[in-house]
Amino acid sequence: MGLADTNLAPGLLLAMPQLVDPNFTRSVVLMIQHDESGSFGLVVNQPSPIRASELLGSLDMEWLGAEDEVVWAGGPVAPTTGWVLHEPIAALEATQGLGSSGTIEVSPAVSLSTSPEHLRVIAARPPRHLRLLLGYSGWAPGQLAAEMVRGSWLLADADPQLIFDTPAADIWSRAMASLGIANPESVVQGRGVH
């Protein structure tokens with residue numbers, strides 16, 4: 001079984017300390033899709049200075065959530081595309097797969113909404129667990145598998161508590177700790193899937 005057959009989604013990719021790509025230094029990426037057509041994920045530990053009210057105001061939508069809620073950088077690809085990670089919301093029926101419109105179930109505790117109509121519903125009544133993101137992380141077929149074989153990433157469980165309840169500055173180290181790695185800087189990068 002090759003890495004393309006490995007179920008990385010849903011899961012959290014943890015950048016190894018030695019990963020020098022500035023887009024992914026100490027990044028934690030929630031994997032949404034990983035198959036023979038490529039991989040898609042959202043960085044969950046990079047808040048931006050953009051306020052949710054500012055972004056939604058530019059879209060002629062009213063933000064009724066916390067004034068200090070920020071937009072997060074989901075990755076370097078298509079940085080003007082919007083994504084909403086949130087806890088399941090009864091008013092937004094989740095379906096399976098990225099090709100679906102509206103909202104998909106990433107895991108039982110995490111949903112992803114992509115449509116403006118669903119964003120309006122969320123902006124009017126924001127759930128407690130929420131991440132508004134711009135941009136995404138994408139890999140061509142085989143690209144992520146090659147990066148994992150080079151030892152650029154570790155894989156952890158997609159823990160909703162890490163995604164939604166952990167301060168951004170602590171997500172990477174706590175995700176590493178969930179793998180039993182107390183001192184990530186001491187981990188030696190090696191070949192193979194970790």
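Because only heavy atoms are used, hydrogens play no part in the values below, and waters and symmetry mates are left out as well, while side chains stay in. No experiment lies behind these values; they were computed from the predicted model shown.
Taking 4.5 Å as the limit, every side-chain heavy atom of V71 sits out of range of all side-chain heavy atoms of E54. Between H86 and P126 there is no side-chain heavy-atom pair separated by less than 4.5 Å. In this structure, the side chains of H34 and N7 stay at 4.5 Å or more apart for every pair of heavy atoms. Side chains of P141 and E36 form no contact here, defined as non-hydrogen atoms less than 4.5 Å apart. Looking at L144 and L8, their side chains come closer than 4.5 Å, going by heavy atoms from C-beta outward. Counting only heavy atoms from C-beta outward, the side chains of M16 and L14 never approach each other to under 4.5 Å. Here the side chains of W83 and T114 are in contact, with some heavy-atom distance below 4.5 Å. Residues L162 and L12 are in side-chain contact: their nearest non-hydrogen atoms beyond the backbone lie under 4.5 Å apart.
Of the possible donor and acceptor atoms, one in the side chain of R131 sits under 3.5 Å from a partner among the backbone N and O of I163. Here the side chain of S48 pairs a donor or acceptor atom with the backbone of I50 at under 3.5 angstrom. T166 contributes a side-chain N or O that, together with a main-chain N or O of Q161, makes up a donor-acceptor pair within less than 3.5 Å. When atom types are taken as modelled, the side chain of E87 and the backbone of H129 share a donor-acceptor pair closer than 3.5 angstrom. With hydrogens and angles disregarded, a donor-acceptor distance shorter than 3.5 Å links the side chain of N45 to the backbone of R26.
Residues L155 and L179 share a closest heavy-atom pair of O-CD2, 3.6 Å. Taking both residues in full, the closest heavy atoms of L130 and F164 are given as N-CD2, 3.5 Å, listed atom of the first, atom of the second, then distance. Minimum heavy-atom separation, S178 to A156: OG-CB, 4.1 Å. Between P79 and P76, the shortest heavy-atom contact is CD-O, 3.9 Å. In terms of heavy atoms, R120 sits closest to D60 at NH1-O, 3.5 Å. For the residue pair L64 and A124, the shortest heavy atom distance occurs at CD1-O, 3.4 Å.
Aromatic ring orientation, W153 versus F24: perpendicular (interplanar angle above 60°, classes split at 30° and 60°).
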Problem - Criterion side chain to side chain contact (heavy atoms under 4.5 Å, CB included) on V106 and L30, from CA distance to verdict - result: CA-CA 9 Å; V106 176; L30 173 62; 4.3 Å; yes
Problem - Test log, rule side-chain hydrogen bond (donor to acceptor under 3.5 Å, both in side chains), inputs E69 and W63 - result: CA-CA 10 Å; E69 184 71 42; W63 173 250; over 6 Å; no
Practice task
Begin with the C-alpha distance, continue with both residues' side-chain angles, and end with the deciding distance and a verdict on side chain to side chain contact (heavy atoms under 4.5 Å, CB included) for L85 and V44.
Solution key: CA-CA 9 Å; L85 284 175; V44 296; 3.9 Å; yes
Exercise for the section: Evaluate the side chain to side chain contact (heavy atoms under 4.5 Å, CB included) criterion for residues L13 and L154: first the C-alpha distance (whole Å), next the side-chain angles of each, then the deciding distance (0.1 Å), finally the verdict. Expected result: CA-CA 6 Å; L13 286 184; L154 296 175; over 6 Å; no
Exercise for the section: Might you work through the side chain to side chain contact (heavy atoms under 4.5 Å, CB included) test for S113 and L92, ending with a clear yes or no? Expected result: CA-CA 9 Å; S113 290; L92 306 177; 3.9 Å; yes
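A salt bridge does not link R174 to D165: none of the charged nitrogens lies less than 4.0 Å from a carboxylate oxygen.
T103 and H118 form a side-chain donor-acceptor contact under 3.5 Å, judged by distance and modelled atom types alone. Judged purely by distance below 3.5 Å, without hydrogens or angles, the side chains of S39 and Q143 never pair a donor atom with an acceptor atom. Between S137 and W139, the side chains place no donor N or O within less than 3.5 Å of an acceptor N or O (distance only, hydrogens not considered).
Here the OG atom belonging to S111 is positioned 7.5 Å from the CD1 atom belonging to I89, to the nearest 0.5 angstrom. We find the CD-CG distance between Q46 and L134 to be 12.5 Å, quoted to the nearest 0.5 Å. Going from atom CG of L42 over to atom OH of Y136 covers 10.0 Å, rounded to the nearest 0.5 Å. With rounding to the nearest 0.5 Å, the separation of OG1 in T81 from CG in L133 is 9.5 Å. To the nearest 0.5 Å, the span separating OG on S27 from CG on L19 amounts to 7.5 Å. In this structure, CD1 on I104 lies 8.0 Å from CD on Q33, to the nearest 0.5 angstrom.
Counting non-hydrogen atoms of neighbouring residues, nucleotides and ligands closer than 6.0 angstrom, the CD atom of E67 reaches no more than 12 such neighbours.
Under a hydrophobic clustering in which Ile, Leu, Val, Met, Phe, Trp and Tyr are joined whenever their side-chain heavy atoms come within less than 4.5 Å, directly or via other members, V28 and V77 fall into the same cluster.
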